[in-house]
Protein chains: 2
Amino acid sequence: MPKRVDHAQRRTEIAEALVRVAARRGLHAVGMRDVAAEAGVSLRLVQYYFETKEKLLLFGLQHLTERFGERVAARVRAAGSSPGPRAVIEALLMAALPTDDESRTFHFLYTSYAVLSVTDEALAAQPFIANPDAAEDTLTGLLRQAQEADLTGPGIDARDEAVSLLAMSAGLGTSILVGQRSPESATAILNLHLNRIFRVG
Amino acid sequence: MPKRVDHAQRRTEIAEALVRVAARRGLHAVGMRDVAAEAGVSLRLVQYYFETKEKLLLFGLQHLTERFGERVAARVRAAGSSPGPRAVIEALLMAALPTDDESRTFHFLYTSYAVLSVTDEALAAQPFIANPDAAEDTLTGLLRQAQEADLTGPGIDARDEAVSLLAMSAGLGTSILVGQRSPESATAILNLHLNRIFRVG
DNA sequence: ATTTTTATGGTACGGTCGTATCACAATCGC
DNA sequence: GCGATTGTGATACGACCGTACCATAAAAAT
C-alpha cells in the first residue's frame, strides 16, 4: 500500500475543499467530482475517505462548526487579557456576523445546512442543533456575571436578553448575507441594545 | 385550439403545486416531474406554461410572497376595526412567525430562496429583496405613529426599533423552524420588547 | 522475497433531471 | 367546412450524479 497517510488530515483537507466549493456555488450544487477537483484528488479518493456523500456532508458541517468555534474563541481572547463581560459579549456577537469572507462563508453554509435539516432527518439528528443552545447558555452566563458586578441596568432578565441578542444577530446576519444591510449598520443595532442592557459608564 | 383555458389561473395552480412539494421535500429536491404529478398534469404542461424550470421557480417565489402578503394583511385587518399601532405591529410580527403550516411553509421556502439567491444571480436580481425593505418602512411608520400619539417610552428611535424587531422576528422564526424554540417563547420575547418600546398602560 | 494490506486511479452502471421533439386533439376565425 | 392556432400527451436525448467495480502501486509484515 502507499505511503501510510494521515487519514484525519486527509479528511480535513477534503472537507475544506467541500467548504470552498460550496461557498462558491452553493451547498445544493456541490458534487463529489467538484470536491475531488477542488481538493486536487481523484473522485475515487473522496469515496475512499468518505464512503458516501451524506457522510461527507455531515463531516463538512462538523468541521465547519469546529473551525468557526475556534475562530470565535480566538476573537474573545483577543478582546483583552482580562476583558469585562461586555467586551466578551461584543466579541461574541460581532464574530457571529458575516463581515468578512470566512464568517460570511460560515453563515452562508450554516444557514444552508439548517434549511436542509428541515427536510433531511439525518441532518436534523445532528448535534448542530446543540451549538446554538450552547451559545445561548454562554451568553446568559456572561450577562448574569455582568449583573452580579452591577454593570447592568434595571429590569433585565439575562436569558431573555441572551435569546434576543442571538436572534437579532442571526436575523441581521442573514440580512447582511443577502446584501440588504451593511455590517456597520448591523453592529450599530447590536451596540444599541448592549447600551440599553449595560449601564452607561 | 383546445378549450381556451385561463393561463393565469393554470400557472397559479402549478405554482401552488410547486410550493406544496417544495414544502414537503425541500426546494432543492423539487423537479418538474414532481410538480407535474402534484398538480395532476403532465410534464409537458408544466413546460408549456413555464418554459424553463428557472421561470417556474421565480414565479413560485412571486406567488409565495403575494399569498403571504395577503395573509398578513388579513391578520392586520382582523386585529380590530380601529386598532392601535401596537395591535397592528403585534399582528404583523406574529404573522411573520412560523406558527402554523402555512406560515411555516412560507418561512421555510422564503429562507430557501434567500439562501439560493446568494449564489444564483437570477434570484438575487429578483425584487424579493424589496419586500423586507417595505416591511421595515411600514413598521417604522407605525412606530412613528405611536410616538406621535405619545404611546411610546423615551429614547426610542423608530427605525432602529423597526430593524431590531424584524431581525429578531426573522431570527426567532428560524429557531422555531429548526425546532430549537417554541412559538410561545418566541412571541414572549417579541412582546417583551414591545412592552419596552410602548409605555405601560 | 513473498504475502498481505492500504492507498489510489480509472471507468462503467443505473438513475434522474431538464429540455426538446413529434404527434394529435380541439376550437376559433373565416 | 377548413386552415390556422392553441392546448395536451408521450417519449426521446444528452448530461450529470452517486456509487460500484476492477486494477495496481507501494509499504508493512512475515
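Predicted model, so just to flag it, every value in this text is computed and none were measured. Note: hydrogens, waters and symmetry copies are ignored here, and every other heavy atom, side chains too, is used. Quick note on labels: first sequence line is chain A, next is B, and so on, each numbered from 1.
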D:dG7 phosphate, OP1 or OP2, under 4.0 Å from B:Y49 side-chain N/O: no
Length of the line joining B:Q9:CD and D:dG7:P, which is rounded to integer Å: 13 Å
Note, B:L93 side chain near B:L166 side chain (heavy atom, < 4.5 Å): yes
Atom-to-atom span, CG of B:D6 to P of D:dT6 - whole angstrom: 16 Å
Cationic N near anionic O, under 4.0 Å, B:E70 to B:R77: no
Touch class at under 4.0 angstrom, heavy-atom based, for A:V30 against every strand present: sugar-phosphate
Residue whose nearest DNA chain D nucleotide is more 5′ - B:V41 or A:D34: B:V41
A:L56 CG to D:dC17 C1', straight-line distance once rounded to whole Å: 14 Å
OP1 or OP2 of D:dG7 under 4.0 Å from side-chain N/O of B:Y48: yes
Test side chain to side chain donor-acceptor pair (under 3.5 Å) applied to A:N191 and A:R196, step by step: CA-CA 8 Å; A:N191 269 313; A:R196 175 174 60 75; over 6 Å; no
Gap between atoms CD1 and P, on B:I14 and D:dG7 respectively (whole Å): 12 Å
From A:F108, A:Y110, A:F106, residue fulfilling ring pair (Phe, Tyr, Trp, His ring centres under 6.0 Å) relative to A:F68: A:F106
Ring geometry between B:H7 and B:Y49 (parallel below 30°, tilted from 30 to 60°, perpendicular above 60°): perpendicular
Separation of D:dC17 C1' from A:H28 NE2 (nearest whole Å): 14 Å
Per-nucleotide protein contact string for nucleotides 19-24 of chain C, where B marks a base within reach and S marks sugar-phosphate only (heavy atoms under 4.0 Å, - for neither): BBB---
Verdict with reasoning, A:R71 to A:D100, per salt bridge (Lys or Arg N to Asp or Glu O under 4.0 Å): CA-CA 12 Å; A:R71 180 186 143 125; A:D100 60 6; 3.2 Å; yes
Atom-to-atom span, CZ of A:F50 to C1' of C:dA7 - whole angstrom: 15 Å
Presence of B:H7 side-chain N/O under 4.0 Å of D:dG7 phosphate oxygens OP1/OP2: yes
Minimum-distance pair of heavy atoms, taken over all atoms of B:A95 and B:V72: CB-CG2, 4.0 Å
